[in-house]
Amino acid sequence: MENKPSDPVQGIQGLVYREDLIFEQSAAGRVGYSLPEAEVPEVPVDTAIPAHLLRDEIVGFPEVAELDVLRHFTRLSQWNYAIDLGTFPLGSCTMKYNPRVNEEVARIPGFSRIHPYEPEELVQGALQLMYELERYLAEISGMDRVTLQPAAGAHGELTGLLMIRAYHASQGNPRRKVILPDSAHGTNPASSALCGYQVVELKSSKEGVVDPQAVAEVMDEDVAALMTTNPNTLGIFEKHIQTVSDIVHRKGGLVYCDGANLNALVGIARPGDMGFDVIQFNLHKTFSTPHGGGGPGAGPVGVKAPLIPFLPVPAVERDGDRYRLDYNRPQSIGRVRAFYGNFGMLVRAYTYIRTLGPDGLRRMAETAVLNANYLLHRIKGYYEVPYPERPMHECVVSDKHQLEHGVKALDIAKRLIDYGYHPPTIYFPLIVKGALMIEPTESEGKERLDRLAEVLIQIAQEAEKEPETVLRAPTKTVVSRLNETKAAREPNYRWKAR
Ligand SMILES: *Cc1c(COP(=O)(O)O)cnc(C)c1O
């Protein structure tokens with residue numbers, strides 16, 4: 001049975017518990033603590049705390065025991081999915097394994113316990129780490145200097161564009177437009193608009209890349225920058241990038257690299273050598289820091305020499321063997337983040353770079369590219385491949401064949417959940433109708449890739465022979481299909497588990 005997944009149901013249900021809202025588990029008078037009787041006299045709470053600071057009523061505040069609370073949140077956590085549980089092939093997002101050594105190092109008290117206002121002479125090690133990380137990122141990307149401050153990729157884009165704006169303003173004209181290919185990530189137009197730029201959209205070529213001719217047609221002296229991802233959001237390398245950069249530079253424009261896909265290039269090619277003037281690093285994608293889940297992230301930005309004066313303050317400088325923070329940078333765009341950025345993330349990325357070393361980093365990128373190509377090779381007979389060009393670290397297929405049986409990309413994604421896989425990114429990039437964008441990353445071994453391929457093939461066969469099965473999915477989760485529009489427009493957090 002060649003196409004039968006060797007382990008069709010990776011997720012099981014037996015020990016995944018139903019869970020009611022904690023409010024519904026409340027029993028009057030139940031408490032989560034047990035303390036010995038106080039040895040000091042009790043006083044009424046309103047004599048100890050000013051009345052205006054006291055809440056007079058918390059409606060239905062849950063009264064539960066400690067174990068109830070523990071089980072409640074542990075059970076809810078079991079409904080979640082993570083890279084630590086299984087394959088997470090979310091294209092563009094690069095959900096790679098976060099090595100535990102990163103966490104060990106980030107928790108060393110000398111890093112985790114320092115206060116941002118500690119004097120420089122007491123935090124020389126932290127400053128050295130930032131100084132060196134900056135150099136590593138500059139070396140990897142081919143840039144001249146880097147700021148570590150921005151808190152995410154999108155924040156890095158904004159920071160980069162603010163520097164581009166400041167640069168052009170210093171030349172006498174901030175310019176008004178930014179050119180973006182139609183395959184761009186949504187944050188690119190958003191960052192451009194936040195910076196006050198008007199977006200000029202560029203149609204991608206039939207091969208799915210930026211066409212130099214199309215750039216030449218829209219490029220003029222009112223364009224501040226062309227912004228593009230390389231490899232782009234189709235996973236395809238922008239093979240004309242040098243020609244495109246030349247066209248933009250000749251009219252005085254700058255070229256911005258959305259570095260979200262840098263994990264395909266590390267140790268192999270450098271954006272700084274392709275004509276890019278600015279790049280953001282998504283540390284959580286390329287350098288294995290955890291994806292935030294709303295927590296702290298980091299999106300450093302590298303620049304070529306002409307933009308150095310505009311970098312955010314403070315910059316970390318070295319005098320002999322001492323490190324210091326430099327605030328005296330008159331042309332700086334200022335701070336973009338409190339203190340020095342999210343330092344804990346910088347420690348993790350630094351650890352990743354140091355533990356892998358140059359050869360390991362290159363092997364990371366090569367393996368990511370190999371894995372995506374292997375997976376595509378295995379499934380391409382079953383899913384439409386919209387662009388024939390060989391992809392790099394991620395591949396895009398579409399639901400075109402399955403649509404003939406009424407099965408959409410969304411249904412395929414939901415069915416993958418039944419087989420124990422997190423779905424890939426769907427409906428992005430926007431230029432591919434019914435896109436499924438798969439990025440296995442370098443974290444997965446061959447057996448795992450084979451299993452994912454077999455499951456994807458199985459779903460393609462189900463779509464043909466028994467489409468209802470796919471349309472009903474997921475059936476093995478705690479919650480099945482939601483009305484996603486209604487859920488977004490009228491969120492009801494009091495929904496009850498079935
Ligand atoms: C992830 C991503 C971004 C945004 O980065 P965040 O760190 O999520 O803010 C921008 N562009 C592309 C192509 C991306 O994949």
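Note that ligands are numbered from 1 as they come in the structure, with each ligand's atoms numbered from 1 the same way.
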closest protein heavy atom to atom 11 (N) of ligand 1 is Asp258 OD2, 2.6 Å
Looking at Tyr97, Tyr421, Tyr81, which hits ring-ring contact (aromatic ring centres under 6.0 Å, His included) with Phe88? Tyr81
With Ile379 as partner, the option from Ile459, Val397, Leu436 fulfilling side-chain contact (heavy atoms from CB on, under 4.5 Å) is Val397
Nearest to atom 9 (O) of ligand 1, what protein heavy atom do you find, and at what distance? Ala154 N, 2.8 Å
Can you tell me how far the CG atom of Leu254 sits from the CD1 atom of Ile164, to the nearest 0.5 Å? 5.5 Å
Counting from 1 in the order shown, the ligand 1 atoms closer than 4.0 Å to a non-hydrogen atom of Glu157 are 10 (C), 11 (N)
Return the residue, atom name and 0.1 Å-rounded distance of the protein heavy atom closest to atom 5 (O) of ligand 1. Asn282 ND2, 2.9 Å
His284: heavy atom below 4.0 Å from ligand 1, yes or no? yes
Which atoms from ligand 1 have a heavy atom of Ala260 less than 4.0 Å away? 2 (C), 11 (N), 12 (C), 13 (C), 14 (C), 15 (O)
Separation between CD (Glu238) and OG (Ser183), nearest 0.5 Å, reads 6.5 Å
Does Phe287 form a ring-ring contact (aromatic ring centres under 6.0 Å, His included) with Tyr350? I'd like the steps, not just the answer. CA-CA 8 Å; Phe287 298 105; Tyr350 178 90; over 10 Å; no
Just which atoms of ligand 1 are under 4.0 Å from any heavy atom in Gly153? 5 (O), 6 (P), 7 (O), 9 (O)
If you define the side chain from C-beta out and look only at heavy atoms, does anything of Val479 sit under 4.5 Å from Arg481? no
Using a strict 4.0 Å cut-off to heavy atoms of Ser92, name the atoms of ligand 1 that fall inside it. 13 (C), 14 (C), 15 (O)
Are any of the side-chain heavy atoms of Ser288 and Pro99 separated by less than 4.5 Å? yes
Quick one: look up the protein heavy atom nearest atom 1 (C) of ligand 1 and list residue, atom name and how far away it is. Lys285 NZ, 1.4 Å
